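Please read the structure below before turning to the comments.
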Amino acid sequence: MSKPELLIGAGVQNTVRALYSQEVDSKLIQLQKTRKEFVGDITLVVFPLVKISKKSPEQTAAEMGAWLKDTIPEVSDFNVVKGFLNISLSSNYWKLLLMNARMNPFFGTINKNENARTVVIEYSSPNTNKPLHLGHIRNNLLGFSLAKILKANGHKVVMVNLVNDRGIHICKSMLAWQKWGNQTTPIKAGKKGDHLVGDFYVMFDKEYKKEIAELVAGGMTKEIAEKEAPLIKEAQELLRKWEANDADTVGLWKNMNGWVYEGFDVTYKTMGVIFDKIYYESETYLSGKEIVQKGLTDNIFFRKEDGSIWIDLTSDGLDQKLLLRGDGTSVYMTQDIGTANLRYADYKMDEMIYVVGNEQNYHFQVLKLIMQKLGYKWADLLYHMSYGMVELPEGKMKSREGTVVDADDLMHEMIDTSRQMSVELGKLDGYSDVEKENIYRIIGLGALKYFILKVDPKKNMTFDPKESIDFNGNTGPFIQYTHARIRSLLLKAAEQGITTSNGFNAKVAVNQCERELLITIQDFATAVIDAGTNFNPGAIANYTYELVKVYNQFYQENQILKHEDKDIVLFRLCVSEMVANVIRSAMDMLGIEVPERM
RNA sequence: GGUCUAGUAGCUCAGGGGAUAGAGCAACAGCCUUCUAAGCUGUGGGUCGCUGGUUCGAUUCCAGCCUGGAUCACCA
């Protein structure tokens with residue numbers, strides 16, 4: 001039982017062979033869903049074929065249509081509009097397709113992929129000096145969803161997080177805590193650990209600015225003041241102590257990072273993302289040096305007089321890039337080379353995907369080139385999943401101006417709103433408080449996740465906190481709602497003794513509305529592959545919305561349970577059930593739960 | 001300045017060589033004694049940034065220009 005495109009595609013090839021005695025390049029066979037305003041299920045664009053037929057588009061379409069109808073039993077009818085051949089497929093074909101889909105537990109996904117790759121996806125990658133914000137939400141959702149989509153495409157996926165746990169930033173928080181913290185802890189302060197540490201980071205920044213202002217008032221230039229302020233010198237001293245493995249400093253560092261991790265865990269859990277492995281920069285930052293040294297002896301890199309090590313990428317249209325400082329300490333690129341190498345040792349992956357914001361496009365372009373020159377076989381499949389910034393209606397988020405949208409706050413706000421709306425609608429009466437809260441959570445987070453994932457990752461997007469909490473139209477809750485309604489329908493049917501488990505009577509005729517639904521269901525597989533090849537979860541989101549819209553029209557126009565013909569009731573229930581199943585798989589790939597009722 | 005990226009309805013976004021370019025929001029008009037109205041139907045709203053090129057056909061591909069964003073550190 002093959003999909004419409006495969007069935008007709010093969011048919012067209014045979015037809016061309018029979019009518020014009022030629023082989024046709026499959027690129028010339030352009031099939032698309034028939035537009036609503038025309039009759040048919042699938043449409044062949046015949047313009048590319050007129051070169052072969054040497055006849056007018058209309059003539060070509062007409063004779064090909066006739067031939068297809070004669071030779072393919074599944075083709076029930078056809079019509080020609082200009083250069084478009086609209087083909088109708090038989091009721092029987094659609095019913096068989098539905099039966100097949102129902103039987104296949106892996107419907108729409110690739111269970112066994114002969115070209116399966118082991119893919120490592122790095123995402124999230126937070127700093128430990130402040131809580132996660134809206135930008136991280138986009139990162140986490142994209143990374144997690146991409147992992148699910150690639151798994152659905154039959155690949156082996158390893159999700160990793162690289163925590164930037166060392167450096168001057170965390171020292172700033174540590175210093176502020178030492179100076180003004182009064183030995184506080186998350187428990188004493190009654191605050192999530194990441195937020196508490198973030199507060200100290202802000203505190204440092206405030207005091208640091210104050211010092212700079214004083215120095216500038218005393219006649220110093222701003223540039224010098226930024227370097228000479230006592231606070232920054234103290235922070236740098238703390239970093240030196242850390243690198244020298246000073247017991248007190250390392251102890252405090254471990255302590256404060258521990259608070260942050262506890263906080264992150266809560267955020268990740270709420271968001272619903274997980275990792276197979278967490279790398280810490282403090283454990284990997286030295287390992288890149290070795291590789292750089294080796295690259296130097298292999299003449300891939302070169303050394304300048306001051307001892308610093310570089311790579312010359314001018315022949316690739318890029319610049320020279322620093323890999324190791326003159327004093328032998330590592331830079332960002334050194335670390336990423338090292339981390340990549342460790343990962344390869346751990347997973348022997350075929351492909352490495354970095355989910356990182358587009359401000360680092362250049363960095364990853366360079367990293368890929370370097371890894372290629374170093375001879376890593378997966379370097380060609382190093383992919384930077386670059387995503388655009390999330391902006392607010394007022395413009396960019398700026399921590400300085402306090403316009404950063406905190407991840408925890410936002411998620412709670414979404415859940416609060418869904419609770420409010422749910423209570424207003426009063427549909428969950430009879431559920432326990434625990435059950436209700438769970439549904440509010442699922443809906444609120446569904447709205448947020450869907451809102452962010454439906455947008456093409458590479459584009460910058462605007463996030464309006466007020467308008468985004470909209471549960472109508474192209475939103476997560478709209479999709480969840482349709483699913484809940486189908487579940488309720490099936491439940492009602494079961495109460496009446498109608499059960500879909502045995503399938504449906506093969507005699508029913510499939511009407512136009514149902515055909516449209518069935519062909520849309522079939523497109524799920526295409527959407528999954530598309531999302532996987534273009535690294536775009538939005539393809540899944542938009543597909544699901546499309547399906548739900550088609551279903552809602554069907555639902556509105558057809559009495560399902562009330563129809564007097566029991567065979568038709570059963571058939572429509574089976575179609576509905578399939579829609580619900582597809583919605584569930586699709587939403588699962590977006591990391592969005594679907595409640596049974598809402 | 002170099003490189004990358006985007007520009008589609010008032011707003012937020014889909015689409016991506018093919019038919020009359022689509023949704024949602026916002027505005028207006030209908031539909032709940034009938035399987036969940038978080039729904040459905042209808043109306044209005046467009047020079048797909050501009051100019052050329054390729055093509056039977058370009059909003060889509062290519063080039064140039066205009067506008068916005070990112071980046072070009074011994075920061076990460």
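Computation of the quantities below employed the complete heavy-atom set of this structure, encompassing side-chain atoms and omitting hydrogens, waters and symmetry-equivalent molecules. In this text the structure is predicted, and so the values were computed from the model without any measurement. Reminder, nothing fancy here: chain letters follow the sequence lines and each chain counts from 1.
If you check B/A76, B/A19, B/C40 against the side chain of A/Gln32, the one that comes closest is B/A19. Side chain of A/Asp319, nearest nucleotide from B/C72, B/A76, B/U36: B/C72. Comparing B/C13, B/G69, B/G39 against the side chain of A/Thr462 picks out B/C13 as the nearest.
Between B/A23 and B/G16, the two P atoms lie 16 Å apart (nearest whole Å). Nucleotides B/G22 and B/U59 have their C1' atoms positioned 12 Å apart, rounded to a whole Å. Taking atom C1' on both nucleotides, B/U47 is separated from B/C56 by 24 Å, rounded to a whole Å. Here the separation of B/C48 from B/U20, taken at their P atoms, is 14 Å to the nearest Å. Comparing B/G18 with B/U60, their P atoms sit 11 Å apart, to the nearest whole Å. Nucleotides B/C11 and B/A27 have their C1' atoms positioned 13 Å apart, rounded to a whole Å. The separation of B/C62 from B/A6, taken at their P atoms, amounts to 10 Å, rounded to a whole angstrom. To the nearest whole angstrom, the two P atoms, one in B/U71 and one in B/A9, are 27 Å apart.
Once the 5.5 Å centre distance and the 30° plane angle are applied, the aromatic ring of A/Phe47 is found not to be stacked with the base of B/G57. Stacking here means ring centres nearer than 5.5 Å and ring planes tilted less than 30 degrees, and by that measure A/Phe84 does not stack onto B/G18. Residue side chain A/Tyr481 fails the stacking definition with respect to B/G39, as its ring centre and the base's six-membered ring centre are not both under 5.5 angstrom apart and under 30 degrees in plane angle.
Among the atoms of the strands shown, only primed sugar atoms or phosphate atoms (P, OP1, OP2) are found under 4.0 Å from some heavy atom of A/Phe478. In this structure, A/Val45 reaches the bases: a heavy-atom distance under 4.0 Å links it to at least one base atom across the strands shown. Residue contacts for A/Pro393: at a heavy-atom cut-off of 4.0 Å it reaches no nucleic acid atom on any strand shown. A/Lys51 comes within contact range of no nucleotide atom at all, as no heavy-atom separation falls under 4.0 Å. Across all strands, A/Tyr362 comes closer than 4.0 Å only to sugar-phosphate atoms, never to a base (heavy-atom distances). Residue-level contact check: A/Ser308 touches the bases, meaning some heavy atom is under 4.0 Å from a base atom. No contact: A/Leu324 has no heavy atom under 4.0 Å from any strand. Counting non-hydrogen atoms under 4.0 angstrom, A/Gln335 reaches the backbone sugars and phosphates but no base. Heavy atoms of A/Asp456 sit under 4.0 angstrom from primed sugar atoms or phosphate atoms, though from no base atom. At a threshold of 4.0 angstrom between heavy atoms, the contacts of A/Asp336 with the nucleic acid are absent. When heavy atoms are screened at a 4.0 angstrom cut-off, A/Thr475 is found touching no nucleic acid atom at all. Base engagement by A/Ala484 is indicated by at least one non-hydrogen atom pair under 4.0 Å involving a base atom. Residue A/Gly167 is out of contact with every strand shown, counting any heavy-atom pair closer than 4.0 Å. Heavy atoms of A/Tyr545 sit under 4.0 angstrom from primed sugar atoms or phosphate atoms, though from no base atom.
Residues A/Tyr387 and A/Asn139 bring a donor and an acceptor atom of their side chains to less than 3.5 Å of each other. Counting only N and O atoms by type, the side chains of A/Ser173 and A/Asn129 include no donor and acceptor under 3.5 Å apart. A/Ser386 and A/Asn361 share a side-chain donor-acceptor pair at under 3.5 Å. A donor and an acceptor atom, one from each side chain of A/Tyr431 and A/Glu437, are nowhere located under 3.5 Å apart. If you check the side chains of A/Asn358 and A/His384, you find no donor sitting under 3.5 Å from an acceptor. Judged by distance alone, the side chains of A/Tyr551 and A/Ser576 do bring a donor and an acceptor atom under 3.5 Å apart. A donor-acceptor pair shorter than 3.5 Å cannot be found between the side chains of A/Asn257 and A/Tyr280. Of the N and O atoms on the side chains of A/Thr43 and A/Gln32, not one donor lies less than 3.5 Å from an acceptor on the other residue.
Toward the 5′ end of RNA chain B lies the nearest nucleotide of A/Glu359, the other residue of the pair A/Glu359 and A/Arg166 mapping further downstream. Positionally, the nearest nucleotide of RNA chain B for A/Asn536 lies more toward the 5' end than for the other of A/Asn536 and A/Ile560.
For A/Leu490 and B/U36, the CG to P distance is 11 Å, given to the nearest whole Å. For A/Lys33 and B/G16, the NZ to P distance is 13 Å, given to the nearest whole Å. Here B/C35 presents its P atom at 17 Å from CD of A/Glu564, a figure rounded to the nearest Å. Rounded to whole angstrom, the span from the CD atom of A/Gln553 across to the P atom of B/A23 amounts to 10 Å. Put simply, CZ on A/Phe38 is 8 Å from P on B/U20, counting in whole angstrom units. Distance A/Leu31 CG to B/G18 P: 14 Å, rounded to the nearest Å. Nucleotide B/A76 holds its P atom 13 Å from the CD1 atom of A/Ile337, rounded to whole Å. With rounding to whole Å, A/Met461 atom CE is found 17 Å from B/A6 atom P.
With the 3.5 Å cutoff on both pairing distances, Watson-Crick and G-U pairs in RNA chain B assemble into runs of at least 3 at B:1-7 with B:66-72, B:10-13 with B:22-25, B:27-31 with B:39-43, B:49-53 with B:61-65.
With a 4.5 Å cut-off on side-chain heavy atoms, A/Leu44 and A/Val12 count as touching.
A sub-4.0 Å separation between OP1 or OP2 of B/U12 and a side-chain N or O of A/Lys454 is absent. In this model, the phosphate group of B/U36 is approached by a side-chain N or O of A/Lys492 to a distance below 4.0 Å at OP1 or OP2. Residue A/Gln360 places none of its side-chain N or O atoms closer than 4.0 Å to OP1 or OP2 of B/A76. Residue A/Lys458 has no polar side-chain atom (N or O) positioned under 4.0 Å from OP1 or OP2 of B/A70. Under 4.0 angstrom from either OP1 or OP2 of B/G22 there lies at least one side-chain N or O belonging to A/Arg35. For the pair A/Arg487 and B/U36, the criterion of a side-chain N or O lying under 4.0 Å from OP1 or OP2 is not met.
Judged by a 6.0 Å distance limit and a 45° cone about the ring axis, A/Lys321 is not positioned over the six-membered ring of A/Trp310.
Less than 6.0 angstrom separates the ring centroid of A/Tyr354 from the ring centroid of A/Phe364.
Glycosidic conformation of B/C4: anti, with the torsion beyond 90° of 0.
The minimum heavy-atom distance linking A/Arg138 with A/Met389 is given by the pair NH1-O, 3.8 Å.
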